[in-house]
Amino acid sequence: MGFRKTLEDKYRDILSKYLEDKNEQALYQGQKLSRKLIEHHIGPEEIISLHKSVIVENGYREDNILHSFDILLEVMMGYGLAYREHQSLRSEQLALKSEIEVAAKMQQTLLRTVKPQIDGLDIGVISVPARQMNGDYYHFIKDEHQCLGVAIADVIGKGIPAALSMSMIKYGMDSFPEGQKSPKDILESLNRVVEQNVDPSMFITMCYGVYDPKSHYFTYASAGHEPGFFYMSTQQKFQDLEAKGLLLGIDKRTKYKEFGHQLEVGDMVILLSDGVSECRTQEGFIEREDLMAMIYDYIHMSAQEIVTNIYKDLERLQDFELRDDFTLIILRRVD
């Protein structure tokens, strides 16, 4: 409030000096003052009101009143320039927003995948971007033997660069031959693609697994991705999925190790991005034990109902404002 009064006093002083000697220096001071007025959110209507008050207070003659408008004009020109700059920036923002909307729709088309139907397997998936562009990626592949390949990846970053990196992962996945099913081979091939084509400042984690409906065995490999869970129905216990492996794109010679689990009826494989496990509330990050408890609360529901309810619960805990891209996948054996 004190600084605001100082600026108003400064305006009075500049106006008075100009009316005394009509000095060009006072006009220049008016230009400089307009920048300060704008910075401190003193609007043009307030300056016009102030100008009127100064005229009334000092009882200026008619000729001085006319000359006083020279100062007012200099100040108003500053507002005019600021307004034009604002309009220019607004136009640029609207154009950028339109381009991002188009890019987001293109990304949805490029990364679209269909949740497959696999006998004896209940599948649930939800993926929600924190912004318009998604830095998470998931994909299902069903081969001629009914084996299900499932990929989940996460770019450490957000926005358009992350989205472009995800498109590169999709390109790499689509380029693999039909017979290449080994999770470690998939990751090693993608690692070379990322190392050669993605900016070194972008880091990508990924988990790729294959479920065989005949043996009910889930084989997977991880490139530094957020560890998921394996739920053992008979024991009603969760355990972390192994997630050892270097992030994609760091070293093209990296080799990945495979892990696996035998699924009995009711067992679940739970894959997720760090937007799920690192959900931040007012009290801090939720614990993995909290996430397990939430899943167990909905264990009687279908896989799709579980992931949907988990998302709604975590969204509510974050006051309906996602801080990171959110992807959660559940595979549950049902026969």
Side-chain angles (χ1 to χ4, degrees), residues 113-131 134-140 148 150-154 205-209 211 213 216-218 220 222 225-243 259-335:
T113 186
V114 177
K115 185 172 72 172
Q117 298 293 322
I118 302 289
D119 290 340
L121 193 65
D122 183 21
I123 303 172
V125 59
I126 188 167
S127 186
V128 182
R131 301 179 183 175
N134 201 338
D136 283 357
Y137 166 74
Y138 75 94
H139 189 61
F140 294 113
L148 174 68
V150 56
I152 182 170
D154 185 6
T205 70
M206 184 170 182
C207 178
Y208 185 79
Y211 175 75
H216 304 294
Y217 198 78
F218 182 74
Y220 70 97
S222 176
H225 193 72
E226 182 72 20
F229 304 107
F230 179 64
Y231 175 72
M232 296 162 284
S233 178
T234 55
Q235 301 177 43
Q236 297 184 348
K237 289 184 179 179
F238 291 88
Q239 69 179 63
D240 289 346
L241 292 176
E242 293 278 354
F259 305 90
H261 283 282
Q262 182 71 45
L263 270 69
E264 305 299 334
V265 174
D267 288 354
M268 296 191 300
V269 172
I270 300 146
L271 305 175
L272 47 92
S273 65
D274 59 11
V276 180
S277 58
E278 295 180 4
C279 168
R280 184 183 300 173
T281 67
Q282 292 181 346
E283 289 75 32
F285 292 105
I286 66 167
E287 301 292 336
R288 287 176 67 83
E289 290 75 16
D290 297 329
L291 186 55
M292 293 179 198
M294 293 172 74
I295 295 171
Y296 191 75
D297 285 342
Y298 300 114
I299 205 77
H300 60 286
M301 298 182 178
S302 70
Q304 188 58 52
E305 289 174 323
I306 295 174
V307 298
T308 300
N309 279 288
I310 294 297
Y311 168 71
K312 289 179 178 179
D313 287 350
L314 293 181
E315 184 187 36
R316 187 163 51 251
L317 286 174
Q318 297 179 94
D319 295 323
F320 302 95
E321 183 178 349
L322 290 183
R323 293 173 175 83
D324 199 358
D325 303 316
F326 183 107
T327 302
L328 180 61
I329 300 172
I330 288 181
L331 310 177
R332 174 162 58 186
R333 182 182 169 187
V334 292
D335 71 345

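Computed from a predicted structure; not experimentally measured.
- Looking at heavy atoms from C-beta onward, Phe238 lies out of side-chain contact with Phe230 at the 4.5 angstrom threshold.
- Atom CZ of Phe218 sits about 10.5 Å away from atom OH of Tyr211, to the nearest 0.5 Å.
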Atom pairs and distances, side-chain donor-acceptor, residues 303-310, under 3.5 Å, sequence neighbours left out:
from: Gln304; atom 1: OE1; to: Lys115; atom 2: NZ; distance (Å): 3.0
from: Gln304; atom 1: OE1; to: Val125; atom 2: N; distance (Å): 3.0
from: Gln304; atom 1: NE2; to: Val125; atom 2: O; distance (Å): 3.1
from: Gln304; atom 1: NE2; to: Thr308; atom 2: OG1; distance (Å): 3.4
from: Glu305; atom 1: OE1; to: Ser302; atom 2: N; distance (Å): 3.0
from: Glu305; atom 1: OE1; to: Ser302; atom 2: OG; distance (Å): 3.3
from: Thr308; atom 1: OG1; to: Gln304; atom 2: O; distance (Å): 2.9
from: Asn309; atom 1: ND2; to: Glu305; atom 2: O; distance (Å): 2.7

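- We find the CD1-OG distance between Ile152 and Ser222 to be 10.5 Å, quoted to the nearest 0.5 Å.
- Contacts classified as side chain to side chain donor-acceptor pair (under 3.5 Å) and involving residues 259-271 (residues at least two apart or in different chains) are not found.
- Under the 4.5 Å side-chain criterion, counting only non-hydrogen atoms from C-beta, Pro116 is in contact with Ile123.
- Side-chain contact between Val276 and Tyr311 is absent, with no heavy atoms from C-beta onward closer than 4.5 Å.
- When only modelled atom types and interatomic distance are considered, Tyr296 and Gln236 share a side-chain donor-acceptor pair under 3.5 Å.
- Using a 4.5 Å heavy-atom threshold, the side chains of Tyr231 and Lys237 count as separate.
- In this structure, Glu289 places its CD atom where more than 12 heavy-atom neighbours from other residues, nucleotides or ligands lie under 6.0 Å away.
- For the ring pair (Phe, Tyr, Trp, His ring centres under 6.0 Å) test, residues two or more places apart in sequence or in another chain that qualify with Phe140 are Tyr138.
- Contact of the Ile118 side chain with the Pro213 side chain is registered, since non-hydrogen atoms from C-beta on lie closer than 4.5 Å.
- Residue pairs meeting the side chain to side chain donor-acceptor pair (under 3.5 Å) criterion with at least one member in residues 326-335, sequence neighbours excluded, are Ser127-Thr327, Asp136-Thr327, His216-Arg333.
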For this session: Test side-chain contact (heavy atoms from CB on, under 4.5 Å) on Met268 and Asp122 and set out the steps.
Result: CA-CA 9 Å; Met268 296 191 300; Asp122 183 21; over 6 Å; no
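- Asp290 CG to Ser277 OG: the interatomic distance, rounded to the nearest 0.5 Å, is 12.0 Å.
- Annotation: Tyr208 is not in aromatic contact with Tyr220 [ring centroid separation under 6.0 Å not met].
- Put simply, CG on Leu241 and CZ on Phe259 are 10.0 Å apart, with the number rounded to the nearest 0.5 Å.
- A distance of 11.5 Å separates SG of Cys207 from CD of Glu242, quoted to the nearest 0.5 Å.
- Atom-to-atom distance recorded for Leu331:CG and Ile270:CD1 is 9.5 Å, nearest 0.5 angstrom.
- Listed by chain and residue number, Arg288 satisfy the salt bridge (Lys or Arg N to Asp or Glu O under 4.0 Å) test with Glu226 (two or more places apart in sequence, or in another chain).
- Side-chain atoms of Ile330 and Val269, non-hydrogen and from C-beta on, never get closer than 4.5 Å to each other.
- The salt bridge (Lys or Arg N to Asp or Glu O under 4.0 Å) test applied to Asp313 returns Arg316, not counting sequence neighbours.
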